[in-house]
Protein chains: 2
Amino acid sequence: MSGGNVCIRGEANPVQINDCRQKVAKNESAFAQLSAVLSLAGNEVRLKILYLLEAEKELCPCDLSDILGMSIPAISQHLRKLKDGNIVSSRKEGQTIFYSIRPAHLKLLRSFFKIINQLEAI
Amino acid sequence: MSGGNVCIRGEANPVQINDCRQKVAKNESAFAQLSAVLSLAGNEVRLKILYLLEAEKELCPCDLSDILGMSIPAISQHLRKLKDGNIVSSRKEGQTIFYSIRPAHLKLLRSFFKIINQLEAI
DNA sequence: TTTGTATTTAAGCAAATACTTAAATACAAA
DNA sequence: TTTGTATTTAAGTATTTGCTTAAATACAAA
């Protein structure tokens with residue numbers, strides 16, 4: 001399916017359409033990368049986890065389970081997705097595993113947390 | 001399920017846990033609102049649609065279908081989700097319906113587009 | 001009115017999500 | 001070694017998602 005639904009209407013601008021196609025093509029990889037991060041942060045539980053990790057520097061699955069009132073496996077599976085997406089990293093101390101946000105993602109995530117704190121104020 | 005998984009380990013700090021619980025409770029509505037927007041933008045097709053709407057001010061489903069090489073109903077259903085989420089609005093001109101980004105969301109979305117344009121540069 | 005265009009809606013379906021419970025790891029402590 | 005703690009993994013399941021095709025709207029033009 002491609003180019004089969006072109007509108008007949010006069011206003012449709014072939015130059016504009018082509019320009020748009022190129023914009024999309026040029027940023028294909030950027031769209032994939034960013035949408036992956038946004039969809040991870042777009043889950044309410046994971047957004048809370050990230051917010052808490054930023055506030056507390058690091059937390060373990062057990063603490064998160066306790067704070068959010070969710071089962072340990074549920075939390076662990078969310079953390080796995082965040083780790084697979086390279087948004088968080090982990091370190092081991094004894095039998096406890098501490099998760100924290102990867103510095104590379106802090107800037108984007110902080111813009112989200114700022115919005116959360118602003119919404120709270122309303 | 002609540003408070004049933006408290007870790008036994010010594011480092012677990014009851015004060016910190018309680019502090020976190022309050023932070024989450026205080027922002028409950030903000031988490032719901034923001035995660036809704038992020039999950040809408042977290043779909044690759046919708047992220048492209050939003051990017052194009054910002055660049056072109058407004059576009060119709062037919063144009064978007066043509067640009068993105070997707071069926072009209074598929075595009076229409078994405079636009080409906082964005083409209084239900086109050087991220088875009090529409091105006092009618094003849095038989096064409098033009099969609100555009102609601103000003104209230106432009107600031108957040110522009111921070112995404114900025115990242116896309118930066119990723120492109122790499 | 002009849003015909004055609006732009007769009008939405010509905011129904012169906014395969015794949016992805018987000019949980020559950022139970023079992024498996026890894027390792028510290030007794 | 002045995003026991004217990006923190007965590008992950010696996011399997012099962014209900015729900016959601018994102019497309020498809022076909023039908024329904026809405027309305028402009030002939």
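Naming convention: chains lettered A, B, ... in sequence-line order (proteins, then strands); numbering from 1 in each chain.
Scanning all heavy atoms of the two residues, the minimum distance from B/I75 to B/P61 falls at CG2-O, 3.9 Å. When all heavy atoms of A/R21 and B/I67 are compared, the pair lying nearest together is CG-O, 3.7 Å. The minimum heavy-atom distance between A/S65 and A/M70, with the atom names listed, is OG-O, 2.7 Å. Summarising the geometry of A/G42 relative to B/L38, their closest heavy-atom pair is CA-CB, 3.6 Å, with the distance given to 0.1 Å.
Pair check for C/dT20 finds D/dA11; Watson-Crick or G-U wobble, both atom distances under 3.5 Å. Under the Watson-Crick or G-U wobble criterion, with both distances below 3.5 Å, D/dT2 is paired with C/dA29. Applying the Watson-Crick and G-U wobble criteria (two distances, each under 3.5 Å), C/dA14 pairs with D/dT17.
Residues A/I97 and B/R46 each lie close to DNA chain D; by heavy-atom proximity, the contact nearer the 5' end of the strand is made by A/I97. With DNA chain C read from its 5' end, the first of the two nearest nucleotides for B/Q77 and A/G94 is the one closest to B/Q77.
Between A/N43 and C/dA18, a side-chain N or O to OP1/OP2 separation shorter than 4.0 Å is present. Within the structure, every side-chain polar atom (N or O) of B/K92 is placed at least 4.0 Å from both OP1 and OP2 of C/dA6. For the pair B/R80 and C/dT8, the criterion of a side-chain N or O lying under 4.0 Å from OP1 or OP2 is not met. Checking the phosphate oxygens (OP1, OP2) of C/dA6, no side-chain nitrogen or oxygen of B/T96 falls inside 4.0 Å. Between A/S76 and D/dT7 there is no side-chain N or O to OP1 or OP2 distance below 4.0 Å. For C/dA18, one of the phosphate oxygens OP1 or OP2 lies less than 4.0 angstrom from a side-chain nitrogen or oxygen of A/K81. Listed pair B/Y99 / C/dA6 fails the phosphate criterion, with no side-chain N or O lying under 4.0 Å from OP1 or OP2.
Atoms CD1 (B/I75) and P (C/dA6) sit 16 Å apart, rounded to a whole Å. One atom, CG of A/L64, and another, P of D/dA6, lie 14 Å apart when rounded to the nearest Å. If you measure from atom CD of A/E44 to atom C1' of D/dT16, you get 15 Å, rounded to the nearest angstrom.
Between atom CG of residue A/L82 and atom CG of residue A/L50 there is a gap of 5.0 Å, rounded to the nearest 0.5 Å.
Distance from the side chain of A/P61 is smallest to D/dT8 among C/dT7, C/dA18, D/dT8. Listed nucleotides: C/dT7, D/dT9, D/dT8. Nearest to the side chain of A/I72: D/dT8. Listed nucleotides D/dT5, D/dT20, C/dC19 differ in distance to A/Q95; the shortest reach to its side chain belongs to D/dT5. Relative to the side chain of B/P73, the nucleotides C/dT21, D/dT7, D/dA22 differ in distance, and D/dA22 lies closest.
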